[in-house]
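By convention in this document, chain letters (A, B, ...) are assigned in the order of the sequence lines, proteins followed by strands, and residues within each chain are numbered from 1. In what follows, every heavy atom counts, from backbone to side chain, and hydrogens, waters and symmetry copies are set aside. Just so we're clear, the structure is a prediction, and the values are computed from it rather than from any experiment.
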Number of protein chains: 2
Amino acid sequence: MTRGDKRDQIMQAAETLFTSRRFHEITLDEVAQAAHVGKGTIYRYFKDKDDLFFQTATKGSDDLYAVIRASVPEGVSFEDKLLAVCEQVSAFYRKRREILRMIQDQEGRMPRCGGEMRRRWSERRENVLSAVASVFRDGVEAGQVRSDIAPEVLAGFLLGALRARVRELASHPGGMPPISQVVDFVIHGAVSRGAKESIS
Amino acid sequence: MTRGDKRDQIMQAAETLFTSRRFHEITLDEVAQAAHVGKGTIYRYFKDKDDLFFQTATKGSDDLYAVIRASVPEGVSFEDKLLAVCEQVSAFYRKRREILRMIQDQEGRMPRCGGEMRRRWSERRENVLSAVASVFRDGVEAGQVRSDIAPEVLAGFLLGALRARVRELASHPGGMPPISQVVDFVIHGAVSRGAKESIS
DNA sequence: CCGATGGAACTGACCGGTCAGTATCGCACG
DNA sequence: CGTGCGATACTGACCGGTCAGTTCCATCGG
């Protein structure tokens with residue numbers, strides 16, 4: 001068993017636990033047990049509980065970023081790219097429920113750990129955002145996406161809408177065609193085809 | 001000083017504190033001090049720390065619901081209603097930053113307090129959602145909003161997008177025309193006018 | 001042999017929750 | 001009016017449990 005393994009075990013257990021209950025309800029004994037690791041070992045890899053939490057969340061964010069980057073197909077239409085991204089994000093989100101939340105919640109919280117940690121937080125967030133934004137940027141270049149709203153802003157909208165949808169589906173399982181609906185909404189908006197001309 | 005006063009003081013202090021740092025970082029001594037109240041008094045009005053937290057969040061959610069209900073103007077166009085709602089939600093969100101987050105995070109967390117609290121949580125969330133959805137519902141009836149996506153789903157999208165935008169503005173102050181952009185996006189989507197026909 | 005690990009035992013700070021005591025109020029009665 | 005009394009609201013020192021973080025030693029693999 002190599003060096004990195006223990007670390008990964010711990011982080012994986014931590015992610016599962018931290019995303020299932022609130023921070024203060026998780027004991028490190030629990031984490032150690034779930035990771036099949038001695039409690040002391042945790043402190044070999046992480047400074048303290050907060051550090052473990054933060055690194056876990058950061059890792060998740062990096063993973064999402066990597067997934068998005070790797071999954072945007074080249075040389076296909078805007079809609080297909082959009083669909084691909086939505087599917088990746090949505091799948092990722094379903095598998096690792098709370099990570100996206102952690103990412104989006106960069107803002108408040110985390111006051112302790114000096115601006116440093118705060119900075120790294122928002123850096124991660126911006127990475128993800130700009131990865132999604134690149135799809136829109138391509139779309140703008142191809143003349144398919146409106147240029148009067150910044151791609152990053154559109155990316156924010158998409159992520160927000162996607163998140164709402166995934167959550168909805170989580171609490172009402174069964175209900176269906178989720179992703180295509182999001183894509184369609186992002187592309188066309190809420191207005192019905194017929195009424196397009198009569199509005200603003 | 002009448003009966004409700006202390007209770008309100010406590011809840012107000014609690015909201016401020018709970019939304020500025022993480023739950024486990026807030027001590028009840030702190031809450032008591034901020035509310036200018038003896039610690040014991042908190043327990044006259046709230047069963048325990050969790051109860052205080054929950055009731056605080058619930059209250060915020062109810063306030064938002066009331067604000068939305070009260071602010072949707074009658075007998076104006078769909079876009080105007082949409083704009084009004086966006087403005088209310090956005091203003092509310094700015095003033096009481098984290099409440100919307102609490103509402104939207106009804107899902108995970110809160111495992112302790114038996115399904116009961118969970119139920120009340122999602123009830124609140126649905127209230128807000130359906131208040132926003134009513135705008136879309138009217139739009140559908142008037143033939144202006146597409147009927148192939150449920151109004152509640154559209155409401156979720158809107159709230160998600162709005163939230164992303166408000167957050168963005170919070171971390172990068174200065175940047176501007178926020179709400180109208182959201183409205184425009186929700187109505188028309190991301191695709192540029194010219195490209196409308198060529199897509200799916 | 002040596003460094004890494006498991007994990008049990010320990011410690012001490014911290015904080016949720018309690019409760020005995022105090023202040024305040026409403027009211028009845030002289 | 002005042003003052004005595006019961007009830008209710010409130011206070012904050014205190015208690016006891018919990019848990020982050022540390023220490024220690026047996027164990028293991030190389």
Side-chain angles (χ1 to χ4, degrees), chain A residues 1-59 98 102 108-114 116-117, chain B residues 1-59 98 102 108-114 116-117:
Chain A
M1 191 177 285
T2 69
R3 160 92 187 173
D5 281 356
K6 295 276 161 185
R7 199 189 154 77
D8 285 349
Q9 278 175 45
I10 296 169
M11 287 184 73
Q12 205 170 316
E15 182 176 314
T16 305
L17 289 170
F18 279 140
T19 57
S20 69
R21 274 172 297 151
R22 293 176 290 179
F23 182 87
H24 71 279
E25 292 175 332
I26 307 298
T27 68
L28 288 184
D29 287 310
E30 219 175 335
V31 176
Q33 197 166 16
H36 307 292
V37 145
K39 188 178 170 184
T41 307
I42 293 177
Y43 286 90
R44 299 196 59 74
Y45 294 100
F46 304 95
K47 194 172 129 291
D48 54 24
K49 194 183 178 185
D50 265 350
D51 185 46
L52 173 60
F53 178 79
F54 170 65
Q55 290 208 34
T56 302
T58 292
K59 168 74 158 34
E98 294 299 299
M102 290 182 178
R109 323 300 196 204
M110 312 257 96
R112 158 114 56 264
C113 28
E116 168 59 7
M117 188 178 287
Chain B
M1 188 177 287
T2 68
R3 158 88 190 178
D5 281 358
K6 295 271 168 183
R7 188 168 207 286
D8 286 348
Q9 281 174 45
I10 295 169
M11 287 185 75
Q12 205 168 316
E15 182 176 317
T16 306
L17 288 170
F18 279 140
T19 56
S20 70
R21 272 173 299 151
R22 292 176 290 179
F23 181 87
H24 72 277
E25 291 176 330
I26 307 299
T27 68
L28 289 183
D29 286 312
E30 221 176 332
V31 175
Q33 196 166 20
H36 307 291
V37 145
K39 180 154 67 149
T41 307
I42 294 177
Y43 288 88
R44 296 202 65 70
Y45 295 100
F46 305 94
K47 193 172 130 291
D48 54 24
K49 194 184 179 186
D50 267 349
D51 185 46
L52 172 60
F53 180 80
F54 169 66
Q55 289 208 33
T56 302
T58 292
K59 169 75 158 30
E98 294 300 302
M102 288 184 179
R109 323 301 195 199
M110 311 257 97
R112 160 115 51 264
C113 29
E116 169 58 8
M117 188 178 286

Original post:
Taking CD1 from I42(A) and C1' from dC19(D), how many angstroms apart are they, rounded to a whole number?
Top reply: 13 Å

**OP:** Please tell me if the side chains of T41(B) and Q9(B) come closer than 4.5 Å, counting only heavy atoms from C-beta onward.
**Re:** no

Subject >> Upstream residue (5' side of DNA chain D) when I26(A) and G40(A) are each assigned their closest nucleotide >> reply: I26(A)

Original post:
Rounding to a whole Å, what distance do you find between I10(B):CD1 and dA9(D):C1'?
Top reply: 11 Å

Original post:
Please give, in whole Å, the distance from dC10(D) C1' to D5(B) CG?
Top reply: 14 Å

Original post:
Is K49(A) touching bases, backbone alone, or none of the nucleic acid, heavy atoms closer than 4.0 Å?
Top reply: sugar-phosphate

Subject >> Integer-rounded Å distance: dA4(C) P and Y45(A) OH >> reply: 9 Å

Original post:
According to the interplanar angle, ranging from 0 to 90°, do the rings of H24(A) and H24(B) count as parallel (below 30°), tilted (30 to 60°) or perpendicular (above 60°)?
Top reply: parallel

Original post:
Taking atom C1' of dT18(D) as reference, at what distance in whole Å does atom NE2 of H24(A) sit?
Top reply: 12 Å

Original post:
Given atom CD of E25(B) and atom P of dA20(D), what is their separation to the nearest angstrom?
Top reply: 14 Å

**OP:** For L17(B) and dC15(C), give me the distance from atom CG to atom C1', rounded to whole Å.
**Re:** 15 Å

Original post:
Given atom CG of D29(B) and atom C1' of dA13(C), what is their separation to the nearest angstrom?
Top reply: 14 Å

Original post:
So, do M11(A) and F46(A) sit near enough that their side-chain heavy atoms are less than 4.5 Å apart?
Top reply: yes

Original post:
For the side chain of L28(A), counting heavy atoms from C-beta on, which of dA20(D), dG16(C), dT5(C) is nearest?
Top reply: dA20(D)

**OP:** Taking only the side-chain heavy atoms of R44(A) (C-beta and beyond), determine which of dC15(C), dT5(C), dA9(D) contains the nearest atom.
**Re:** dT5(C)

Original post:
Across the strands shown, which category fits T41(B) at heavy-atom distances under 4.0 angstrom: base, sugar-phosphate, nothing?
Top reply: base

Original post:
Choosing from dC19(D), dG16(C), dT11(D), which nucleotide comes nearest the side chain of V37(B)?
Top reply: dT11(D)

Original post:
Which nucleotide in the set dG21(D), dG17(C), dA9(D) lies at the smallest distance from any side-chain heavy atom of D48(A)?
Top reply: dG21(D)

List, one per line, each side-chain donor-acceptor pair under 3.5 Å for residues 29-37 of chain B, sequence neighbours excluded.
unit_1: E30(B); atom_1: OE1; unit_2: T27(B); atom_2: N; d: 3.3
unit_1: E30(B); atom_1: OE2; unit_2: R21(B); atom_2: NH1; d: 3.4
unit_1: E30(B); atom_1: OE2; unit_2: R21(B); atom_2: NH2; d: 2.3

Original post:
With a 3.5 Å cut-off and just heavy-atom distances, do the side chain of K39(B) and the base of dG17(C) make a donor-acceptor pair?
Top reply: yes

Subject >> Which nucleotide in dA9(D), dC19(D), dG21(D) has an atom nearest any side-chain atom of Y43(A) >> reply: dG21(D)

**OP:** Determine, for F23(B) and K49(B), whether the Lys NZ or Arg CZ falls below 6.0 Å from the six-membered ring centre while staying within 45 degrees of the axis.
**Re:** yes

